[in-house]
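Let me begin by presenting the structure, written as C-alpha cells, before commenting on it.
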Amino acid sequence: MNRYLVTSALPYANGPIHFGHVVGAYLPADVYVRALRRQGEDALFICGTDEHGVAITIGADKNGQEYSEYVEGWHKEIEKTLTTFGIEFDIFSGTSTCPQHAEFSLEFFKRLRERGYLQKQTSEQLYCNQCELFLADRYVLGGCPECGHESARGDECPACGSWLDPLKLVSPSCRVCTNAPEKRETTHFFLDLPKLRDEAVGAWFGEKTWKPNVDAFVRKLLEDVHARPITRDMKWGVELPSDLVDGEEGKVLYVWFDAPIGYISMSAEWSAANGDPDGWKDWWQNKDTRLVHFIGKDNIPFHTLVFPSMLHGVGQDYILPWRVPANEFYNLEGGKFSTSEGWTIPLDEFFERYDPEVARFHLIASMPETSDSEWSWKEFQATANAGLADTIGNLVTRVLRFLDKHFDGVVPPVDEAHRARLEGLLLNECGAIGDPAEHITAFRFRKAAEQLLLNAAVANVFIDRTAPWKLRKTDMVEAGSVLGACCQYLGWLAHWMTPMLPGKAQALWEMLGQSGEVAELPWPGTPCAETWQLIPAGQKLGEVAGLFDKLEDAQIEAEIANLKTRALASSDEL
RNA sequence: GGCGGUGUAGCUCAGCUGGUUAGAGCGCAGAACUCAUAAUUCUGAAGUCACUGGUUCAAGUCCAGUCACCGCUACCA
C-alpha cells in the first residue's frame, strides 16, 4: 500500500496570509488529505512557518522586537488563520522553534559538502556597517551607471531598465538605514545544481509527468541552472559551526536552503512527539511513500529542482517528490493581493461576518489550477447563495421539514413496491452522479466542488419528478418511499461533503439522526442498487436547521466598497 | 532585455495528444411547480475562441509575427 506524505509550502513568518496563500497551498492539501484518509490511505500532513532570513530581521528591527518574538507573533497569527479555515496539519511547527531543525539542516550541509556538491566562492559584496549586514541587491539604492537616474535599485534601474551590478552603483546607500555601505570580501558555499542535474535530477525530472504549468517552466530552467549560494553572513538562521566551514565565523544557512528541510525536521518533531524518534524515516526514506508538495507557482523551481537536488545529493535514500500540484496565482477583484497597498481582505474581519466553510468551498470552486484566477465578491455570493444555500441547504430543509410535518420526523422505509423504480430514477435518470473524491485525488479540485453541487441537484430533480407533496394526498406509503430515498441520498451527500465542507457534513449527518463522526467512516464512493441505503428506516431525525445562510446584495456591495476604501486609505498613508 | 504564462459567451472559468452545429456555473428571458432558506425543475437567447498571416482535407487546439496583461530573471524568501 502507498502512504502519502503531504506538505504545504511553509508560509513566511513576516506578515499575514491571505486567500491567495490559502487557496494555493493549504486548502487543497487539507482537502486532499481528508479525501485520502477517508479512502483508507495513510497520510501525514506537514507544515510550519519559515522563520529565518533577512526580511524577518528587518521586520523585527522595525518593530523593535527580538527576532524570535517577532516570528512567534506571526507564527501564531498564521496558525490561527489556517485553523479558522479548518486546515488540520499533523504538525504546524516553525524552522526556528522545531528542535530537530538545526540538526537536520547542518547534516544536509555536511553531507552535501562531503559528497562534493558544494563549491566555495569568494566575492565582494556591499556591507552596511550601521545595519551590520551584507546587503541583498534589492536593499541597495544608488545612481544608475548607465543612464544616470538617481534612485536605481541594486538589481535593476527603474528608468532605463538596465540590469545592474550593485557594486557599480554611483554613491550607493543602504535602503534600510540610508548609510553608505562599503565593499567587503566574503566567502560563501554554493550548491552545485548543474552537477546534481547532470548526475540524476535532470533525468528524474524528464521522466515524470508534470502539470503543464510546471513542466514548460522547469524544463527551460534546467537547461540553464546555476550553482546557488547556500550561506549568508548574518545572525538569524541556522548557525554554521566554524569547523564545518573551514574556520569561517558568523555564517548561517541561507533561508531557502534550510526552509524545505523543515518538511523533514518537522516530520521528525511529529514522530518524536508520538514517541517514535525514528518514525520520520518510515515516511521520508520509504519507497512506498508518495511525497506531494502543495505550493504556489512562485515555489515551483524549489520543489521540482532545488529541493530534489538536495534530497538526492545527501545520498540517504530520501524519496523525491511524487507530485507537485502547483497552483497559479489568485488575484482579488482584478488586481494582485497586496497588503502594503491595501488591496486585500483582512481575514480576521472577514471571519467576523462569513462562514469559513463557505469561504473554503468558494476558494475550492475558484482555485487557480491551470491559470490565474481571482476572488470576486459577487462570485462568492453566487457560490454561497445559488450553490450552497439554494442547491444543498434548501434540499436538506425541503426534505427534512416535509418529514417533520407529515412523517413525525422519522425516516420512512422505501417500500418494496417502489424500491426498484425509485432507485432507478434516483441513481440513473436524474443526472450524472460522480464521486468528488476521485477528482480530489486527481488534483481536480474545482471539478470536485462542481460535482458535489451536481450530485445535490440530482436529488432536486428526483423530488420534482416524484412530487411527494402530491403523492402524500393519494398514497402515503409511496410518498414515504420517495422521502425515504431522499434521506438515504442526503446521507451520501453528507459523506461527499466531508473533504470540502467538514463541519457542514457533520451537521447534516446529525440532522439525519446519525451519531458519531461521518468523517471517520469509510468513503462510500458512488451509490448503486446494493449500497445506496445507508440509514435505517425508522431512524428519528435530529433537529433541522438551515445549513447555509444567504448573503444579501447590500452586504456584498458594502464589501466591494470597503475594498476600495481600504486601498484609498492605504495610498493616502504613503 | 531574456525566459515563461495568459487573452474563449455580460461575469468567473473548462476545453487532453488538431476533427461533426465551441462547453459549464453565475447572470439574463420564458414556462412549470408550490414540499422547501421566493427555494426547485424545464426551456431558451447570447461567443468572428485578442489580432494578422501560415501549415493542414480539417485549428480555439500546431507554427510565425503583432498587441495587451501577469510571473520569474538567481545572494528575494
Side-chain angles (χ1 to χ4, degrees), chain A residues 9-14 50 52-56 121 123 125 134-139 154-156 160-163 166 186 188 190 193 212-213 216-221 223-233 254-256 259 296-302 306 328-329 331 334 336 365-376 378-383 385-387 389-391 393-403 405-406 430 444 446-447 449-450 453-454 457 459-472 479 482-483 486 544-550:
Chain A
L10 304 187
Y12 198 49
N14 190 37
D50 175 8
H52 293 134
V54 194
I56 279 174
Q121 286 181 26
S123 63
Q125 286 184 13
F134 278 93
L135 298 175
D137 290 358
R138 61 160 58 176
Y139 287 114
D155 48 358
E156 193 182 35
C160 68
S162 305
W163 243 29
T186 180
H188 284 298
F190 286 63
L193 289 169
N213 59 338
F217 186 67
V218 179
R219 216 164 276 282
K220 275 285 172 203
L221 210 77
E223 290 172 15
D224 192 34
V225 70
H226 289 60
R228 289 183 76 109
I230 66 169
T231 53
R232 298 220 66 185
D233 299 288
Y254 196 15
V255 58
W256 69 256
K297 68 175 168 186
D298 51 333
N299 260 316
I300 288 172
F302 287 96
V306 180
E328 301 292 294
F329 280 160
N331 294 315
K336 280 170 63 176
S366 61
M367 192 172 286
E369 281 173 344
T370 55
S371 64
D372 290 1
S373 62
E374 68 174 29
W375 172 277
S376 136
K378 291 232 159 99
E379 292 292 320
F380 174 58
Q381 183 190 23
T383 301
N385 293 357
D390 295 349
T391 307
N394 179 61
L395 169 66
V396 172
T397 44
R398 89 190 279 206
V399 173
L400 299 186
R401 290 205 202 284
F402 197 103
L403 288 170
K405 261 184 218 165
H406 305 296
C430 292
R444 294 190 299 260
R446 298 173 73 124
K447 196 86 184 160
E450 191 186 326
L453 294 177
L454 286 175
N460 279 322
V461 174
F462 176 76
I463 295 171
D464 272 42
R465 292 214 196 161
T466 50
W469 55 90
K470 275 186 192 162
L471 280 176
R472 181 178 70 80
V482 167
L483 270 299
C486 290
V544 181
L547 274 179
F548 301 99
D549 295 328
K550 301 252 261 184

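All values reported here derive from a predicted model rather than from experimental measurement. In what follows, every chain begins at residue 1, and chains take the letters A, B, ... in the order their sequences are listed.
We find that CD1 of Ile230(A) is positioned 12 Å from C1' of rC75(B), with the value rounded to whole Å. Leu454(A) places its CG atom 15 Å from the C1' atom of rU40(B), with the value rounded to the nearest Å. Rounded to whole Å, atom P of rC3(B) lies 18 Å from atom NZ of Lys297(A). With rounding to whole Å, Asn460(A) atom CG is found 13 Å from rC42(B) atom C1'. In this structure, CD of Glu369(A) is placed 15 Å from P of rC16(B), rounded to the nearest angstrom. Computed from coordinates, the Ile300(A) CD1 to rA74(B) P distance equals 18 Å when rounded to whole Å. Rounded to whole angstrom, the span from the CG atom of Asp549(A) across to the P atom of rA39(B) amounts to 14 Å. Summarising the geometry, the separation between CH2 on Trp256(A) and P on rA74(B) is reported as 14 Å, rounded to the nearest angstrom.
A close approach under 4.0 Å does occur between a side-chain nitrogen or oxygen of Lys550(A) and OP1 or OP2 of rA39(B). Remark: Thr370(A) is in phosphate contact with rA14(B), judged by side-chain N or O atoms under 4.0 Å from OP1 or OP2. Regarding contacts with the backbone of rC69(B), every side-chain N or O of Lys336(A) stays at 4.0 angstrom or more from both OP1 and OP2.
Among the protein residues, Ala365(A) comes within range of no part of the nucleic acid, since none of its heavy atoms lies under 4.0 Å from any strand. Using a 4.0 Å heavy-atom criterion, one finds that Arg446(A) contacts the sugar-phosphate atoms exclusively. Residue contacts for Ser371(A): at a heavy-atom cut-off of 4.0 Å it reaches the sugar-phosphate backbone alone, with no base atom in range. Contact annotation for Leu547(A): base contact, defined as any heavy-atom pair under 4.0 Å involving a base atom. Within the 4.0 angstrom heavy-atom criterion, no nucleotide atom of any strand lies near Phe134(A). If you check every strand for non-hydrogen atoms under 4.0 Å, Val396(A) touches nothing. Heavy atoms of His406(A) sit nowhere under 4.0 angstrom from any nucleic acid atom. If you check every strand for non-hydrogen atoms under 4.0 Å, Ser366(A) touches nothing. Within 4.0 Å (heavy atoms only), Lys447(A) reaches no atom of the nucleic acid at all. Note on Arg401(A): only backbone sugar-phosphate atoms sit closer than 4.0 angstrom, heavy atoms only; bases stay farther off. As judged by a 4.0 angstrom heavy-atom cut-off over every strand, Lys378(A) is placed among residues making no nucleic acid contact.
Atom C1' of rG54(B) sits at a distance of 26 Å from the matching atom of rC69(B), rounded to the whole Å. When the C1' atom is compared between rC49(B) and rG23(B), the two are found 12 Å apart, to the nearest whole Å. Here, rC28(B) and rG10(B) have their C1' atoms 9 Å apart, quoted to the whole Å. When the P atom is used for both rU61(B) and rG15(B), the distance is 15 Å, rounded to whole Å. The gap from the P atom of rC13(B) to that of rU43(B) amounts to 28 Å, rounded to the nearest Å. Nucleotides rC67(B) and rU48(B) have their P atoms positioned 24 Å apart, rounded to a whole Å. Spacing between rA46(B) and rA39(B) at atom C1', rounded to whole Å, works out to 26 Å.
In the set rG71(B), rU40(B), rU41(B), rU40(B) carries the atom at the smallest distance from any side-chain atom of Arg398(A). Of the candidates rC33(B), rC13(B), rC75(B), rC13(B) carries the atom nearest the Ser373(A) side chain, counting heavy atoms from C-beta on. With distances taken from any side-chain atom of Ala386(A) to the nucleotides rC70(B), rC26(B), rU41(B), the minimum falls on rC26(B). Comparing rC35(B), rU37(B), rU40(B) by their closest approach to the side chain of Ile463(A) singles out rC35(B). Here rG25(B) is the nucleotide among rU41(B), rG25(B), rU34(B) with the atom lying nearest to any side-chain atom of Glu379(A). Checked against rU34(B), rC75(B), rU40(B), the side chain of Gln125(A) finds its nearest nucleotide in rC75(B). The side chain of Arg232(A) sits closest to rC75(B) out of rU37(B), rC35(B), rC75(B). The side chain of Glu374(A) approaches rC13(B) more closely than any other nucleotide in the set rC13(B), rU41(B), rC70(B). Residue Ala382(A) places its side chain closer to rC26(B) than to any other of rU40(B), rC26(B), rC75(B). In the set rA39(B), rU41(B), rA74(B), the nucleotide with an atom closest to the side chain of Asp390(A) is rA39(B).
Interatomic distance, OG1 of Thr391(A) versus CZ of Phe548(A), reported as 10.0 Å (0.5 Å rounding). With values rounded to the nearest 0.5 angstrom, Asn394(A) atom CG is found 4.5 Å from Thr397(A) atom OG1.
Look at Trp469(A) and the base of rC35(B); the rings stack, centres closer than 5.5 Å and planes less than 30° apart.
With hydrogens and angles ignored, a donor-acceptor pair under 3.5 angstrom links the side chain of Asn394(A) to the base of rA36(B). Residue Gln381(A) places no side-chain atom within donor-acceptor reach of the base of rC26(B), judged by atom type and a 3.5 Å distance cut-off alone.
Without hydrogens or angle criteria, Tyr254(A) side chain to Gly53(A) main chain gives no donor-acceptor distance under 3.5 Å. For the pair Arg446(A) (side chain) and Met367(A) (backbone), a donor-acceptor distance under 3.5 Å is present. Using a distance-only test at 3.5 Å, with no hydrogens or angles considered, no donor-acceptor pair links the side chain of His52(A) to the main chain of Val255(A). When atom types are taken as modelled, the side chain of Trp375(A) and the backbone of Ser366(A) share no donor-acceptor pair closer than 3.5 angstrom. Side-chain atoms of Asn385(A) never come within 3.5 Å of backbone atoms of Lys550(A) as a donor-acceptor pair (strictly under, hydrogens ignored).
Within the 4.5 Å cutoff, side-chain heavy atoms of Ile463(A) are placed close to those of Trp469(A).
Of all non-hydrogen atoms in Asn299(A) and Ala9(A), the two that sit nearest each other are ND2-CB, 3.8 Å. Scanning all heavy atoms of the two residues, the minimum distance from Pro368(A) to Phe329(A) falls at CB-O, 3.5 Å. Of all heavy-atom pairs between Leu193(A) and His226(A), the closest is CD1-O, 3.4 Å.
Nearer the 5' end of RNA chain B, as judged by each residue's closest nucleotide, is the contact made by Val399(A), out of His52(A) and Val399(A). RNA chain B is contacted by both Lys470(A) and Ser376(A); Ser376(A) maps to the nucleotide lying nearer its 5′ end (nearest heavy atom per residue).
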Quiz item: How far apart are the C-alpha atoms of Arg398(A) and Asp464(A), what are their side-chain angles, what is the distance that settles it, and do they pass the salt bridge (charged side-chain N to carboxylate O under 4.0 Å, His left out) test?
Solution: CA-CA 11 Å; Arg398(A) 89 190 279 206; Asp464(A) 272 42; 3.0 Å; yes
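Helical stems in RNA chain B, defined as runs of 3 or more consecutive Watson-Crick or G-U wobble pairs with both donor-acceptor distances under 3.5 Å, are listed by first residue as B:1-7 with B:67-73, B:10-13 with B:23-26, B:28-32 with B:40-44, B:50-54 with B:62-66.
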